[in-house]
> 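Shown below is the structure under consideration.
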Amino acid sequence: RALWAIEHPEYEVYDPTYLLFRNKERPWQTCSLDLIAVERRTGNIYIGEIKTGIYHAKWNGPYCPNNYFVQIVHELMTTEFDGAFLLGRIRRQLMGIDDAAWDKHYFYYRNNPAVKDEAKKIVKAETEFVEDIQKGVLRPTLNLCI
């Protein structure tokens with residue numbers, strides 16, 4: 001987070017570690033974020049997700065891995081922020097010093113057609129899931145006492 005802030009002075013960077021975001025219309029829809037970046041010029045607010053991983057073919061293409069795309073879209077629909085970054089640090093090996101690690105960065109605007117299309121699917125699936133739990137069709141595997 002700190003390194004990215006140094007490399008991108010065009011953003012005011014915030015650490016949201018202890019914040020939980022909740023959607024106004026769907027209060028069951030929550031998320032926690034790795035980074036919040038506010039663009040100084042426009043005031044636009046962006047999510048930053050930071051990932052580390054071992055090399056896998058899913059990091060090769062021009063698009064971020066599907067599981068992270070779903071996470072980003074969920075977060076965009078929850079927060080209603082303007083866009084999201086996925087910042088990946090990829091290593092060749094699990095242990096030891098890896099002098100060949102590289103960074104992968106992806107960016108998505110909330111109004112991007114692919115994001116909007118995925119958002120419809122995600123909100124529908126999440127809504128159905130919550131309704132099934134409320135109806136007793138599904139039971140959570142873990143009891144939480146709050």
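It should be emphasised that the depicted structure is a prediction, and the values quoted were computed from it without experimental measurement. Worth knowing before you read on, the calculation uses all heavy atoms, side chains too, and leaves out hydrogens, waters and symmetry mates.
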> Rounded to the nearest 0.5 Å, what separation is found between the CD atom of E118 and the CG atom of N112?
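Rounded to the nearest 0.5 Å, the CD-CG separation comes to 11.0 Å.
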> Applying side chain to side chain donor-acceptor pair (under 3.5 Å) between Q29 and each of E126, R22, K24, report the one that passes.
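With Q29 as partner, E126, R22, K24 yield a single side chain to side chain donor-acceptor pair (under 3.5 Å), made by E126.
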> What residues form a side-chain hydrogen bond (donor to acceptor under 3.5 Å, both in side chains) with T52, not counting sequence neighbours?
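Scan of T52 (side-chain hydrogen bond (donor to acceptor under 3.5 Å, both in side chains), adjacent residues dropped) gives none.
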> Determine which pairs satisfy salt bridge (charged side-chain N to carboxylate O under 4.0 Å, His left out) with at least one residue from residues 128-138, sequence neighbours left out, and list them in order.
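Applying salt bridge (charged side-chain N to carboxylate O under 4.0 Å, His left out) to every pair that reaches into residues 128-138, excluding sequence neighbours, yields K124-E128.
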> At what distance, to the nearest 0.5 angstrom, does CG of N23 lie from SG of C31?
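It comes to 9.0 Å.
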> With sequence neighbours excluded, tell me which residues meet side-chain hydrogen bond (donor to acceptor under 3.5 Å, both in side chains) with R40.
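If we apply the side-chain hydrogen bond (donor to acceptor under 3.5 Å, both in side chains) test to R40, skipping adjacent residues, the hits are E12.
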> Name all residues meeting the side-chain contact (heavy atoms from CB on, under 4.5 Å) criterion together with K120; count only those two or more places apart in sequence or in a different chain, and write none if there are none.
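For K120 there are no side-chain contact (heavy atoms from CB on, under 4.5 Å) partners, ignoring immediate neighbours.
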> Once you round to the nearest 0.5 Å, how far does CG of L33 lie from CD of Q71?
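So the gap between those two atoms works out to 9.0 Å.
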> Which distance, rounded to the nearest 0.5 Å, do you find between the CG of L3 and the NE2 of H8?
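Between atom CG of L3 and atom NE2 of H8 there are 8.5 Å.
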> Under the rule for side-chain contact (heavy atoms from CB on, under 4.5 Å), what residues qualify as partners of T42, not counting sequence neighbours?
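Scan of T42 (side-chain contact (heavy atoms from CB on, under 4.5 Å), adjacent residues dropped) gives E39, N44.
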> Please tell me if the side chains of L87 and D103 come closer than 4.5 Å, counting only heavy atoms from C-beta onward.
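No; the side chains remain at least 4.5 Å from each other.
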> Test side-chain contact (heavy atoms from CB on, under 4.5 Å) on Y106 and I72 and set out the steps.
CA-CA 11 Å; Y106 305 91; I72 284 172; over 6 Å; no
> Sorted by first residue and then second, give each salt bridge (charged side-chain N to carboxylate O under 4.0 Å, His left out) pair with at least one member in residues 75-86; sequence neighbours left out.
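Sorted result for residues 75-86: empty, none.
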> With sequence neighbours excluded, what pairs up with Y108 under the ring pair (Phe, Tyr, Trp, His ring centres under 6.0 Å) test?
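By the ring pair (Phe, Tyr, Trp, His ring centres under 6.0 Å) rule, Y108 matches F69.
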> Can we call the ring centroids of F85 and Y11 under 6.0 Å apart?
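Between Y11 and F85, which both carry aromatic rings, the centre distance is below 6.0 Å.
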> Identify, with sequence neighbours excluded, every residue that meets salt bridge (Lys or Arg N to Asp or Glu O under 4.0 Å) alongside R1.
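Result, salt bridge (Lys or Arg N to Asp or Glu O under 4.0 Å) vs R1: D15.
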> What residues form a side-chain hydrogen bond (donor to acceptor under 3.5 Å, both in side chains) with E25, not counting sequence neighbours?
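For E25, no residue satisfies side-chain hydrogen bond (donor to acceptor under 3.5 Å, both in side chains) once neighbours in sequence are set aside.
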> Verify side-chain contact (heavy atoms from CB on, under 4.5 Å) between I47 and L35, making sure each step is shown before the conclusion.
CA-CA 6 Å; I47 294 164; L35 177 151; over 6 Å; no
> Verify side-chain contact (heavy atoms from CB on, under 4.5 Å) between N66 and V70, making sure each step is shown before the conclusion.
CA-CA 6 Å; N66 287 342; V70 169; 5.6 Å; no
> Please identify each residue that fulfils side-chain contact (heavy atoms from CB on, under 4.5 Å) with D34, with sequence neighbours left out.
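So D34 forms a side-chain contact (heavy atoms from CB on, under 4.5 Å) with E49, I50.
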> Roughly how far, to the nearest 0.5 Å, is NZ of K116 from CG of N111?
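One finds 6.0 Å between CG of N111 and NZ of K116.
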> Applying ring pair (Phe, Tyr, Trp, His ring centres under 6.0 Å), name anything that partners F129, two or more places apart in sequence or on another chain.
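With sequence neighbours excluded, F129 shows a ring pair (Phe, Tyr, Trp, His ring centres under 6.0 Å) to no residue whatsoever.
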> Can you list everything that forms a side-chain contact (heavy atoms from CB on, under 4.5 Å) with A119? Sequence neighbours excluded, please.
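For A119, the residues satisfying side-chain contact (heavy atoms from CB on, under 4.5 Å) (neighbours in sequence not counted) are V73, M77.
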> Checking ring-ring contact (aromatic ring centres under 6.0 Å, His included) between Y46 and each of Y14, W4, F107, which is the one that passes?
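When ring-ring contact (aromatic ring centres under 6.0 Å, His included) is applied between Y46 and each of Y14, W4, F107, only F107 qualifies.
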> Check step by step if ring-ring contact (aromatic ring centres under 6.0 Å, His included) holds for F21 and F81.
CA-CA 11 Å; F21 293 85; F81 288 174; 5.8 Å; yes
> For N67, does the CG atom have more than 12 heavy-atom neighbours from other residues, nucleotides or ligands under 6.0 Å away?
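Yes - once you tally the heavy atoms of other residues, nucleotides and ligands closer than 6.0 Å, there are more than 12.
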> Roughly how far, to the nearest 0.5 Å, is the OH atom of Y63 from the NZ atom of K104?
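Separation between the atoms: 12.0 Å.
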> After noting the C-alpha distance and the side-chain angles of V13 and I36, does the key distance pass the side-chain contact (heavy atoms from CB on, under 4.5 Å) rule?
CA-CA 6 Å; V13 177; I36 296 174; over 6 Å; no
